[in-house]
Enquirer: 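Here's a structure for you.
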Amino acid sequence: MEPSKAAVIAVANHKGGCGKTTTCINLADNLAQMGKSVLVIDMDPQANSSLHIGLNHPAEIRYTAAEMLLNLELPLQAFIHTDTRVEGVALIYGSMGLETIGDTLKNNHPRPNEVLRARLEPLLDHIDYIIIDCPPSLQILTMNALAASTHYLVPLESGAPYGAYGLSDLNKRVGQIKLINPTLDFLGALLIWHDDRLSLCRQNEEDATKMFGKVIPIKIGTSSKINQSAAIKVPLRLIDKNNHIAKQYKELAEHIDGVVAQEYA
Ligand SMILES: Nc1ncnc2c1ncn2[C@@H]1O[C@H](COP(=O)(O)OP(=O)(O)OP(=O)(O)O)[C@@H](O)[C@H]1O
Ligand SMILES: [Mg+2]
């Protein structure tokens with residue numbers, strides 16, 4: 001990776017509710033606190049990260065990620081909202097419109113998985129981090145996110161009985177994307193709801209290591225404050241900076257920034 005280029009990180013897992021959005025928000029917040037310039041792109045029609053980070057409701061926003069992918073003549077700046085609820089974090093909103101753009105992308109582009117990548121290219125020299133919140137699906141939106149990324153990470157519900165089960169499809173898709181984005185780098189599986197004392201969590205860590213080959217050394221535990229943080233739309237750090245999860249997300253940001261810095265070296 002060239003030193004001046006942005007690190008683009010897709011947070012992907014087609015399983016719903018495994019912590020993708022929570023990770024995007026708290027990772028972005030902590031990277032911004034470290035002085036990095038950060039943009040979150042919400043590629044999920046549910047628009048949960050937009051609901052959290054944005055000052056407006058996504059339905060009120062004219063130019064969201066959907067329009068960005070459809071109207072290539074509009075300048076990228078039209079989509080970037082620098083004024084958000086999270087200091088130092090800019091946002092490209094997601095919206096319901098993302099749900100229905102798949103066919104148009106397929107009909108209008110010879111390489112429909114690479115529209116986001118082409119769109120972001122002019123931005124890469126001007127920002128440190130782009131974090132992409134993916135929808136719970138492996139379809140064209142996640143494929144676009146992976147094709148546009150330099151890195152990806154996979155949040156996993158560590159305490160769940162089927163933790164890493166069913167995720168081989170994700171690896172298959174990544175294999176396909178690597179044909180067009182060969183330098184896509186895996187940061188690792190990120191264990192969430194993790195408790196080392198529980199045998200189920202230890203088993204899931206073992207399964208994740210087998211399936212993905214790499215587990216991020218920072219693990220995220222469980223806290224009801226996460227829901228509280230989503231409800232009042234502020235990053236966890238601002239609710240309680242001594243909360244164990246707030247500290248773990250800070251460590252995660254430092255870990256990822258260290259990995260990226262090493263690649264530049
Ligand atoms: N470490 C945690 N401890 C407790 N609750 C958490 C934790 N991480 C996330 N949650 C809660 O779990 C729910 C799902 O999290 P989140 O929305 O981040 O998942 P997601 O993967 O983005 O979901 P989707 O696939 O629907 O986009 C949310 O209510 C969130 O507040
Ligand atoms: Mg989400």
Side-chain angles (χ1 to χ4, degrees), residues 9-30 40-54 58 64-66 85-86 89 91-96 98-99 131-146 152-160 162-167 169-170 173 187 189-198 200-201 204-205 208 215-216 218-253:
I9 302 174
V11 178
N13 184 337
H14 53 293
K15 283 195 175 185
C18 61
K20 294 181 287 297
T21 298
T22 306
T23 297
C24 284
I25 293 164
N26 289 288
L27 177 60
D29 173 51
N30 278 290
V40 169
I41 303 181
D42 190 351
M43 288 290 280
D44 187 353
Q46 301 177 98
N48 288 343
S49 49
S50 307
L51 285 165
H52 192 138
I53 299 174
T64 73
R85 290 180 194 276
V86 183
V89 175
L91 172 69
I92 295 180
Y93 279 81
S95 68
M96 289 283 286
L98 283 165
E99 189 81 57
I131 314 288
I132 308 180
D133 190 7
C134 293
S137 121
L138 285 176
Q139 305 300 316
I140 197 160
L141 298 171
T142 297
M143 295 296 264
N144 262 271
L146 290 168
Y152 72 106
L153 67 85
V154 178
L156 289 181
E157 190 179 345
S158 175
Y162 306 113
Y165 180 77
L167 292 180
D169 291 346
L170 176 58
R173 289 303 176 108
L187 290 167
L190 176 66
L191 298 171
I192 306 190
W193 287 275
H194 187 78
D195 183 345
D196 260 328
R197 294 166 303 182
L198 301 180
L200 183 57
C201 288
N204 278 339
E205 179 169 3
V215 170
I216 295 179
I218 315 300
K219 297 160 202 168
I220 312 290
T222 305
S223 168
S224 59
K225 295 232 167 130
I226 297 258
N227 272 337
Q228 198 185 329
S229 126
I232 62 170
K233 301 180 177 184
V234 298
L236 187 56
R237 174 183 60 84
L238 289 177
I239 292 191
D240 178 3
K241 77 173 179 348
N242 294 320
N243 176 274
H244 59 294
I245 314 273
K247 287 182 183 163
Q248 287 160 350
Y249 271 117
K250 182 170 187 280
E251 285 170 22
L252 178 70

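Both ligands and their constituent atoms are indexed starting at 1 by order of listing.
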Enquirer: Is atom 9 (C) of ligand 1 near the protein, in the sense that some protein heavy atom lies at less than 4.0 Å from it?
Expert: yes
Enquirer: Give the contacting part of Ile192 toward ligand 1: side chain, backbone, both or neither, where contact means a heavy-atom distance below 4.0 Å.
Expert: side chain
Enquirer: Would you check if Leu51 and Pro58 make a side-chain contact, meaning some heavy-atom pair closer than 4.5 Å?
Expert: yes
Enquirer: Does Thr22 put an N, O or S atom under 2.8 Å from the Mg ion (ligand 2)?
Expert: no
Enquirer: Do Ile232 and Ile239 come within less than 4.5 Å of each other through their side chains, counting heavy atoms only?
Expert: yes
Enquirer: Pairs of nitrogen or oxygen atoms closer than 3.5 Å, one from Ser223 and one from ligand 1: do any exist?
Expert: yes
Enquirer: For atom 26 (O) of ligand 1, grab the closest protein heavy atom and report residue, atom and distance to one decimal in Å.
Expert: Gln46 NE2, 3.1 Å
Enquirer: Among all protein heavy atoms, pick the one closest to atom 30 (C) of ligand 1 and tell me residue, atom and distance.
Expert: Asn227 OD1, 3.5 Å
Enquirer: So, does Ala230 sit close enough to ligand 1 that a heavy atom of it is under 4.0 Å from the ligand?
Expert: no
Enquirer: Quick one: which of Val154, Leu156, Leu252 gives a side chain to side chain contact (heavy atoms under 4.5 Å, CB included) with Leu190?
Expert: Leu252
Enquirer: If you measure from CG on Leu138 to NZ on Lys15, what distance do you get to the nearest 0.5 Å?
Expert: 12.0 Å
Enquirer: Nearest protein heavy-atom contact for atom 17 (O) of ligand 1: which residue, which atom, what distance?
Expert: Thr21 CB, 4.0 Å
Enquirer: Just which atoms of ligand 1 are under 4.0 Å from any heavy atom in Pro136?
Expert: 25 (O)
Enquirer: As an exercise, identify every atom of ligand 1 less than 4.0 angstrom from a heavy atom of Thr222.
Expert: 3 (N), 4 (C)
Enquirer: Using 0.5 Å steps for rounding, measure from the CE atom of Met96 to the OG1 atom of Thr64.
Expert: 11.5 Å
Enquirer: Is ligand 1 under 4.0 Å from a heavy atom in the side chain of Asn13, in the backbone, in both, or in neither?
Expert: neither
Enquirer: Within this structure, what is the CD1-CD1 distance for the pair Ile92 and Ile132, rounded to the nearest 0.5 Å?
Expert: 9.0 Å
Enquirer: In the protein, which heavy atom is nearest to atom 23 (O) of ligand 1, and how far is it?
Expert: Gly17 N, 3.0 Å
Enquirer: Could you say whether the N/O atoms of Thr22 and ligand 1 ever approach to under 3.5 Å?
Expert: yes
Enquirer: Do Asn204 and Ser158 get their side chains close enough for a donor-acceptor pair, meaning under 3.5 Å?
Expert: no
Enquirer: Please could you name the atoms of ligand 1 that Cys18 approaches to less than 4.0 Å, counting only its heavy atoms?
Expert: 19 (O), 20 (P), 21 (O)
Enquirer: Under the side-chain hydrogen bond (donor to acceptor under 3.5 Å, both in side chains) criterion, do Asp44 and Thr21 qualify, and how do the steps go?
Expert: CA-CA 9 Å; Asp44 187 353; Thr21 298; 5.1 Å; no
Enquirer: Heavy atom of Gly221 under 4.0 Å from ligand 1?
Expert: yes
Enquirer: Quick check: does Lys20 get an N/O under 3.5 Å from an N/O on ligand 1?
Expert: yes
Enquirer: Do any nitrogen or oxygen atoms of Gly19 come within less than 3.5 Å of a nitrogen or oxygen of ligand 1?
Expert: yes
Enquirer: What atoms of ligand 1 come closer than 4.0 angstrom to any heavy atom of Gly16?
Expert: 25 (O)
Enquirer: Would you give the length of the straight line joining atom CD1 of Ile216 to atom CG of Leu191, rounded to the nearest 0.5 angstrom?
Expert: 8.5 Å
Enquirer: For atom 12 (O) of ligand 1, which protein heavy atom lies nearest, and how many Å away is it?
Expert: Trp193 CZ2, 3.3 Å
Enquirer: Taking only heavy atoms of Asp44 into account, list the atoms of ligand 1 that are under 4.0 Å away from them.
Expert: 27 (O)
Enquirer: Calculate, to the nearest 0.5 Å, the distance between atoms OG and CE belonging to Ser137 and Met143 respectively.
Expert: 10.0 Å
Enquirer: So, regarding Asn48 and ligand 1 (criterion: nitrogen or oxygen to nitrogen or oxygen, under 3.5 Å), is there a contact or not?
Expert: no
Enquirer: Is there a side-chain contact between Leu167 and His14 in this structure, where contact means two heavy atoms from C-beta onward sitting under 4.5 Å apart?
Expert: yes
Enquirer: Pick out which of Asn243, Thr23, Asn26 makes a side chain to side chain donor-acceptor pair (under 3.5 Å) with Tyr249.
Expert: Thr23
Enquirer: I need the single residue from Lys20, Met43, His52 that forms a side chain to side chain contact (heavy atoms under 4.5 Å, CB included) with Asp133. Which is it?
Expert: Lys20
